[in-house]
Colleague: 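Dumping the structure here so I can ask a few things about it.
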Amino acid sequence: MAKIVPLFSSSKGNSYYIQGNGSAILIDAGRNLKQLELAMAENDLSMRDVQAIFVTHEHSDHISALKVLLKRYPIPLYASRGTLEYLARYDKVPPTARLRVIEDIVETGDFRVERVETSHDAAEPCGYFITTPDGRRMSVVTDTGYLTENARLAISRSHLAVVESNHDLDMLKEGAYPYILKQRILSDNGHLSNAACAEALPDFVGAGLTRIILGHLSEENNTPHLALNESIDSLGRAGMVINTDYTLDVAPVVTNGRSIYF
């Protein structure tokens, strides 16, 4: 059985540990290495089991640990060509880093990982569709202003998906953020709102998705309660019942010690 452990998920840092048959991959490495290793230790996980790291894009809340991490552990790093070029150009990875471009699909160890198109204000952002060693399928799709057709297809094919539910529209519009930042978040290159996420979920559950994790919640413009309720309400209107047709979790800002099996 495969499992995912959300180590961090917020504008302060993002990282997901995915394990199957004793081996693992890491999606993003936000926060610093000490914090990552502590979060892993609290969940009886180890960086030494990680066969590869996959980065979604170059923003600091997704790559903060990389330079130190890759000096200590010679783990291959996969990302789009644009992201890797940015990381190398701006000294975000050590010269010895084992950089690997993911154009479409790669196999690393017993994992099969497919790149998923996203829409964000980064060099060449992406999400990932992953098949674990025991054949379970999952997606990580965050940091996107809208769900691309490629992303929708990946989530629809998944048993479990991490889907962005970044902000409550009213909280963002009435909040203290500068106007230009609000416009960035609301744009097609920004972040997915609770409403946009919730609207899409019934189609995914109808296609077979059973485990949903809401990710990358804003600490300033959202709450877990708001994100959960909007998704539950949308799924309920479609006749879908929580803990019967699907499960729903919020990825924590800092790991809460919970592994989610799928």
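Small disclaimer: the values here were computed from a predicted structure and weren't measured.
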Colleague: Scan for salt bridge (Lys or Arg N to Asp or Glu O under 4.0 Å) pairs involving residues 192-211, sequence neighbours excluded, and state none if there are none.
Modeller: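 Those involving residues 192-211 do not exist here.
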Colleague: Looking only at heavy atoms, what is the nearest atom pair of M47 and L33, with distance?
Modeller: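 Shortest heavy-atom contact: CE-CD1, 3.9 Å.
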Colleague: Any non-hydrogen side-chain atom of I242 less than 4.5 Å from a side-chain atom of L235?
Modeller: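 Side chain of I242 against side chain of L235, heavy atoms only: no contact under 4.5 Å found.
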Colleague: Taking E230's backbone N and O only, do any of them form a donor-acceptor pair with N194's side chain (distance below 3.5 Å, no angle check)?
Modeller: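 No.
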Colleague: Checking one residue: I185. Which other hydrophobic residues are in its cluster under the side-chain 4.5 Å linking rule?
Modeller: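 Members besides I185, by chain and number: L169, L172, Y177, L181, L186.
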Colleague: Closest heavy-atom contact between T118 and P125?
Modeller: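 The answer is OG1-C, 3.3 Å.
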Colleague: Filter on ring pair (Phe, Tyr, Trp, His ring centres under 6.0 Å), then keep only pairs touching residues 221-262, sequence neighbours left out; what's left?
Modeller: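 Ring pair (Phe, Tyr, Trp, His ring centres under 6.0 Å) check on residues 221-262 returns no pairs.
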Colleague: Taking only distance into account, with no hydrogens and no angle test, what donor-acceptor pairs under 3.5 Å do side-chain atoms of residues 2-11 form with protein atoms, sequence neighbours excluded?
Modeller:
residue	atom	partner	partner atom	Å
S9	OG	Y16	OH	2.9
S9	OG	H216	N	2.8
S10	OG	K12	N	3.0

Colleague: Does anything in residues 41-54 form a salt bridge (Lys or Arg N to Asp or Glu O under 4.0 Å)? List the pairs, not counting sequence neighbours.
Modeller: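 Those involving residues 41-54 do not exist here.
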Colleague: Does N222 reach the side chain of N166, with side-chain heavy atoms less than 4.5 Å apart?
Modeller: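 Answer no - side chains too far apart.
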Colleague: Using a cut-off of 6.0 Å, state whether more than 12 heavy atoms not belonging to R98 lie near its atom CZ.
Modeller: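 Above 12, so yes.
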Colleague: Residues in salt bridge (Lys or Arg N to Asp or Glu O under 4.0 Å) with E149, at least two apart?
Modeller: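 E149 satisfies salt bridge (Lys or Arg N to Asp or Glu O under 4.0 Å) with no residue once adjacent residues are dropped.
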Colleague: Looking at residues at least two apart in the chain, or sitting in another chain, which of them share a ring pair (Phe, Tyr, Trp, His ring centres under 6.0 Å) with Y90?
Modeller: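 Expected list: Y86.
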Colleague: For Y128, which residues count as a ring pair (Phe, Tyr, Trp, His ring centres under 6.0 Å) partner, sequence neighbours excluded?
Modeller: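 Y128: ring pair (Phe, Tyr, Trp, His ring centres under 6.0 Å) contacts with F54.
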Colleague: For residues 58-71, which residue pairs qualify under salt bridge (Lys or Arg N to Asp or Glu O under 4.0 Å), counting only residues two or more places apart or in two chains?
Modeller: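 Sorted pair list: K67-D91.
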Colleague: Atom CZ of R81 and atom CG of L99: how far apart are they, to the nearest 0.5 Å?
Modeller: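 So the CZ of R81 and the CG of L99 are separated by 11.5 Å.
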Colleague: Using side-chain heavy atoms (C-beta onward) and a distance below 4.5 Å, is V68 in contact with N32?
Modeller: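 Side chain of V68 against side chain of N32, heavy atoms only: no contact under 4.5 Å found.
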Colleague: Tell me which pairs pass salt bridge (Lys or Arg N to Asp or Glu O under 4.0 Å) where either residue lies in residues 162-187, with sequence neighbours left out.
Modeller: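 Every salt bridge (Lys or Arg N to Asp or Glu O under 4.0 Å) pair that includes a residue of residues 162-187, provided the two are not neighbours, is D121-R184.
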Colleague: So which atom in P202 and which in A238 form the shortest heavy-atom distance, rounded to 0.1 Å?
Modeller: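 For P202 versus A238, the nearest heavy atoms are CB-CB, 3.8 Å.
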Colleague: Does any N or O in the side chain of T148 come within less than 3.5 Å of the main-chain N or O of A151, such that one atom is a donor and the other an acceptor?
Modeller: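 Yes: the side chain of T148 pairs with the backbone of A151.
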Colleague: Are the side chain of S158 and the backbone of A154 linked by a donor-acceptor contact shorter than 3.5 Å?
Modeller: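 Yes.
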Colleague: Can you check whether S46's main-chain N or O pairs, donor with acceptor, with Y17's side chain at less than 3.5 Å?
Modeller: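 Checking the backbone N and O of S46 against the side chain of Y17, a donor-acceptor pair under 3.5 Å is found.
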Colleague: Looking at D188 and S119, would you say the former's side chain and the latter's main chain have a donor-acceptor pair under 3.5 Å?
Modeller: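 Pair absent, no side-chain N/O of D188 close to backbone of S119.
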Colleague: Hey, mind stepping through D143 and T56 against side-chain hydrogen bond (donor to acceptor under 3.5 Å, both in side chains) and telling me if it holds?
Modeller: CA-CA 9 Å; D143 296 77; T56 59; 5.3 Å; no
Colleague: Check whether any side-chain heavy atom of L77 sits under 4.5 Å from a side-chain heavy atom of L66, and report yes or no.
Modeller: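 Yes, at least one pair of side-chain atoms sits under 4.5 Å.
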Colleague: Starting from L226, walk the hydrophobic network (Ile, Leu, Val, Met, Phe, Trp, Tyr; side-chain heavy atoms closer than 4.5 Å) and list everyone else you reach, by chain and number.
Modeller: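 Members other than L226 - counting any ILVMFWY side chain reachable under 4.5 Å - are M171.
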Colleague: Between side-chain atoms of residues 106-116 and protein atoms elsewhere (two or more places apart, or another chain), which donor-acceptor pairs fall under 3.5 Å?
Modeller:
residue	atom	partner	partner atom	Å
R115	NH1	I102	O	3.0
R115	NH2	E124	OE2	2.7

Colleague: Give a yes or no answer on whether the side chain of S156 reaches the backbone of A207 with a donor-acceptor pair at less than 3.5 Å.
Modeller: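 Not at all, since once roles are kept as given, no pair shorter than 3.5 Å links the two residues.
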Colleague: Can you see which heavy atom on A122 is nearest to which on H59, and at what distance?
Modeller: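 What the structure gives for the nearest pair is CB-NE2, 4.0 Å.
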Colleague: Can you check whether L38 reaches K34 side chain to side chain, under 4.5 Å on heavy atoms?
Modeller: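 A side-chain contact is absent here, since even the closest heavy-atom pair is not under 4.5 Å.
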Colleague: Ignoring hydrogens and angles, tell me if any N or O in the side chain of N14 forms a donor-acceptor pair with the backbone of H62 under 3.5 Å.
Modeller: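 Not confirmed, N14 side chain does not pair with H62 backbone.
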